[in-house]
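Just so it is clear, the structure is predicted and the values come from calculations on it, not from any experiment. Counting starts at 1 for both ligands and their atoms, following the listed order.
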Amino acid sequence: MNQGRGTPARADGDPSGTAAFADHPFIRACRSEPHERVPVWFMRQAGRSLPEYHRVRGEGTILDAIADPDRAVEITLQPVRRHGVDAAILYSDIVVPVHAIGFGVDIVRGVGPVAPEPFRSSADLDRLRPLDPDADTPYVLETVRRLVAALDVPLIGFAGAPFTVASYLVEGRPSRDHGRTKALMLGDPTLWHALLERLTDIAATSLLSQVGAGAAAVQVFDSWAGALTPAQYRRFVLPHTRRLLEMVGETGVPRIHFGVATGELLDQMAEAGADVVGVDWRVPLGRARSRVPAGVALQGNLDPAVLLAGVEVAREAAREVLADNAGHPGHVFNLGHGVLPDTDPDVLTEIVRLVHDEGRVDGGDGTSADGRR
Ligand code: CP3
């Protein structure tokens, strides 16, 4: 895979992959710099929609597969090879750091993260000691290093945002209403902020270690932040996410900040310090753009369910996403949320081809979308 700009980022002394990929359309789009075509990757591109994933995934929990760099490297590379996407995302999970420090959380097939003893009181803060990446998650760093040497596209590292990870630890399992999480947040703000502070430190340490090993960009997944009112988000979440993004900002790598059903929070997600704000399918990109300051890029936002309706429907919907963006620089094409397990991988490959063929950016090569100077 190591053709083209495949010089391993670390070879020239650059601790992150950013410098090696400074001219890559994905990195330029993340920075809202002129980019001549629209880059594309898919959340959850590594995983259950691919038959080759099932062949190497193995028995046991996904955390076992993540802890095995041979498998984690191969699974990360699979969608890059198959679809020709413009970025790889590390095969890992948002609960890996809290699992590694021994909080007591596992991932159950078909369910998601489960903590048999959920976070309940201040005594549980002791179960959230600082992360030591070299000692606690050496396999993550080994996987990142091997990937950076093998890839010819940027590698995205990631972490769960403090709110979304807290929701799993407090609920003990995936929840629709996040009732216990909100009860703790509103009923005991002091404990809430102490919990989010710990999770912020853990996420920052994890992201900094991934960038140190060569990740060229990072994504913070606040998947469930859309459960909050704007006022709740501002008081109970924004200060922590801002601190997290600030700490990671010191590395200079682009920071993508993603959530689902966060249409009413897009302004605050940008305010938290993101270079790129992820948009789900509920808000057209043109409208999303009016909610974030100029210079903040957008990522999204094809409805993942549309891909189940067949290739022609998917192609038309992808064209609509491009039309909604209207050639604006600073667009990273993606789904509005992760690839659904039943998705036909060939439809994903076709979407990559369409975005590469038809995704034009105003000013990318000095011309407007229709070729005028
Ligand atoms: O391709 C990629 O995007 C990289 C890998 C990745 C995984 N999890 C692997 C995974 C990423 C980026 C994640 C992040 C993650 N994990 C999020 C945020 C993204 C989102 O979807 O909003 C969340 C909420 C989790 C927690 C989690 N882990 C859930 C809800 C599940 C699904 C459980 C199930 O089986 O239905 C997981 C497990 C998981 N993580 C799978 C994969 C490929 C599927 C299970 C498996 O293969 O064993």
Checklist entry - With atoms numbered from 1 as shown, which atoms in ligand 1 lie under 4.0 angstrom from a non-hydrogen atom of S223? => result 18 (C), 19 (C), 20 (C), 22 (O)
Around [atom], find the nearest protein heavy atom and jot down its residue, atom name and distance.
atom	value
atom 32 (C) of ligand 1	G112 CA, 4.2 Å
atom 10 (C) of ligand 1	I62 CD1, 3.2 Å
atom 15 (C) of ligand 1	R44 NH2, 3.3 Å
atom 40 (N) of ligand 1	D93 OD1, 2.9 Å
atom 38 (C) of ligand 1	I107 CG2, 3.6 Å
atom 14 (C) of ligand 1	I94 CG2, 3.8 Å

Item to check | Ring centre gap for F221 and F158 strictly below 6.0 Å | outcome: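 That pair passes the under 6.0 Å test.
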Please name the pair of heavy atoms, one in [X] and one in [Y], separated by the smallest distance, quoted to 0.1 Å.
X	Y	answer
L245	H257	CD1-ND1, 3.8 Å
L128	L169	CD2-CD1, 4.1 Å
A314	V347	CB-CG1, 3.7 Å

Checklist entry - Should L266 and W281 be regarded as members of a common hydrophobic cluster, given that ILVMFWY residues are connected when their side-chain heavy atoms come within less than 4.5 Å of each other, either directly or indirectly? => result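 No, because L266 and W281 fall into different hydrophobic clusters, even though each may have its own neighbours under 4.5 Å.
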Next on the checklist: Could you see if V311 belongs to whatever hydrophobic cluster contains V321? Use Ile, Leu, Val, Met, Phe, Trp, Tyr and a side-chain cutoff under 4.5 Å.
Outcome noted: yes
Heavy-atom count check: over 12 atoms from other residues, nucleotides or ligands less than 6.0 Å from [X] [atom1]?
X	atom1	answer
R120	CZ	yes
R57	CZ	yes
E358	CD	yes
R71	CZ	yes

Using a 4.0 Å heavy-atom cut-off, which part of [X] comes near ligand 1: side chain, backbone, both, or neither?
X	answer
Q219	neither
L90	backbone
P113	side chain

Closest candidate by heavy atom, reference [atom], pool [options]:
atom	options	value
atom 21 (O) of ligand 1	R173, H337, Q78, R57	H337
atom 11 (C) of ligand 1	F158, Y53, F42	F158
atom 45 (C) of ligand 1	R109, R48, M43	R48
atom 9 (C) of ligand 1	S92, G47, A46	S92
atom 35 (O) of ligand 1	G60, G110, A161	G110
atom 30 (C) of ligand 1	Y168, W41, F221, Y91	Y168

Next on the checklist: If you apply the rule side-chain hydrogen bond (donor to acceptor under 3.5 Å, both in side chains), what do you find for H193 with H240, and how did you get there?
Outcome noted: CA-CA 8 Å; H193 286 298; H240 303 285; 2.8 Å; yes
Checklist entry - Would you say W224 has any N or O atom under 3.5 Å from an N or O of ligand 1, going by distance alone? => result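 Between W224 and ligand 1, no N or O pair is found under 3.5 Å apart.
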